[in-house]
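The figures that follow rest on heavy atoms only: side chains count, while hydrogens, waters and symmetry mates do not.
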Amino acid sequence: VRNPIGTFHSPFSTEGCIIWVKLWQFQPNDTAKITVDTAVAGPEPRQDLHTYGTEKVYLQRLPAGAGHTLAAASGGAEVLVLSGSIRLAGETLRRWSWYRSPKGENASVSAGSDGAFLLIKEGHLAATASGPPKVAPAS
C-alpha cells in the first residue's frame, strides 16, 4: 500500500504482518495511491510497483549468487531485503536490513546462497547531498 501525504489508511491483517513505514517520502505532486497484491506476482524476476519522474520502485528476485546493479548514480537508491540475503558495500545484509546509496555512485548487489527478494527504490535522492552509504542491518 502506497499512501501519499493527505491520504489515510487503516492497515489490518487477520494473520498478522510486518509493516514497513517510511514517512514523508513522496514528491509533492506525486499523489497516486497504489495497492498491489505482491503475492500474485508472476514468475518475472522484477515487478514494477511505481514510477514518478526519475523515481522507480520495484520488487527484484535474485537467485543464489546472482548480481544486480542499482542505478543510483543520478538519484540514489534504497534497498530493503524482504527475504534471503545480499552482499553490498562490503556488508552481508539479511532479511529486514535496509541500505541507502547516495547519488553519485552505482552499487552492485550479489545475492547470498539463499537468493534474495528485494524492495528497491531508485532515482529519488537527486536533491540529497552525496555522502557515505547508510546501512541498517536487521537486529
Side-chain angles (χ1 to χ4, degrees):
V1 176
R2 181 182 184 280
N3 289 300
I5 296 168
T7 62
F8 300 93
H9 62 286
S10 298
F12 175 82
S13 170
T14 303
E15 299 84 22
C17 65
I18 293 175
I19 299 175
W20 174 259
V21 177
K22 184 175 180 217
L23 300 174
W24 302 99
Q25 64 174 314
F26 304 110
Q27 297 177 38
N29 294 329
D30 184 5
T31 59
K33 184 175 180 178
I34 300 171
T35 302
V36 176
D37 185 350
T38 58
V40 296
E44 299 298 319
R46 178 173 165 157
Q47 181 182 10
D48 292 328
L49 299 177
H50 180 66
T51 300
Y52 182 83
T54 60
E55 176 184 310
K56 292 181 174 73
V57 183
Y58 58 97
L59 296 171
Q60 182 72 49
R61 294 181 195 281
L62 297 173
H68 180 74
T69 299
L70 300 172
S74 62
E78 292 178 284
V79 177
L80 175 63
V81 180
L82 299 173
S83 67
S85 65
I86 58 172
R87 186 90 177 137
L88 179 67
E91 299 279 339
T92 297
L93 302 178
R94 301 186 195 305
R95 185 178 190 201
W96 307 132
S97 296
W98 171 79
Y99 175 86
R100 183 179 197 184
S101 179
K103 68 177 183 173
E105 61 183 73
N106 285 333
S108 294
V109 172
S110 178
S113 61
D114 48 353
F117 184 42
L118 311 171
L119 173 65
I120 300 174
K121 185 173 184 179
E122 298 172 329
H124 61 298
L125 300 173
T128 305
S130 296
K134 308 283 191 272
V135 178
S139 51

Single-linkage hydrophobic cluster Tyr52~Leu125, side-chain heavy atoms < 4.5 angstrom: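 In one cluster with Tyr52: Leu125, no.
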
Output, in order, the C-alpha distance, side-chain angles, deciding distance and verdict of side chain to side chain contact (heavy atoms under 4.5 Å, CB included) for Leu70 and Ile120. CA-CA 8 Å; Leu70 300 172; Ile120 300 174; 3.8 Å; yes

Assess the side chains of Arg95 and Ser83: does a donor N or O sit below 3.5 Å from an acceptor N or O?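 Judged by distance alone, the side chains do not pair up.
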
For Glu91 and Tyr99, which I'm curious about, is there any donor-acceptor pair between the side chains at under 3.5 Å?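 Side-chain D/A pair, Glu91 to Tyr99: absent.
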
Point-to-point distance, once rounded to the nearest 0.5 Å, from [atom1] of [X] to [atom2] of [Y]:
X      : Y      : atom1 : atom2 : answer
Ser97  : Leu80  : OG    : CG    : 8.5 Å
Arg100 : His124 : CZ    : NE2   : 6.0 Å
Lys121 : Leu49  : NZ    : CG    : 11.0 Å

Could you tell me which non-hydrogen atom of [X] sits nearest to which non-hydrogen atom of [Y], and how far apart they are?
X      : Y      : result
Ala116 : Ile86  : CB-CG2, 3.6 Å
Ala64  : Ser113 : CB-O, 3.3 Å
Ala32  : His50  : CB-CE1, 4.1 Å
Ala111 : Leu62  : CB-CB, 3.7 Å

Sort out for me which residue in Leu93, Leu82, Val109, Leu59 forms a side chain to side chain contact (heavy atoms under 4.5 Å, CB included) with Leu118.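 Answer to the side chain to side chain contact (heavy atoms under 4.5 Å, CB included) test with Leu118 among Leu93, Leu82, Val109, Leu59: Val109.
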
Hey, does Trp96 have a side-chain heavy atom less than 4.5 Å from the side chain of Ile18?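 Yes - at least one pair of side-chain heavy atoms lies under 4.5 Å apart.
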
Is there a donor-acceptor pair closer than 3.5 Å between any side-chain N or O of [X] and the backbone N or O of [Y]?
X     : Y      : answer
Arg46 : Gln60  : no
Arg87 : Gly90  : yes
Thr54 : Gly123 : yes

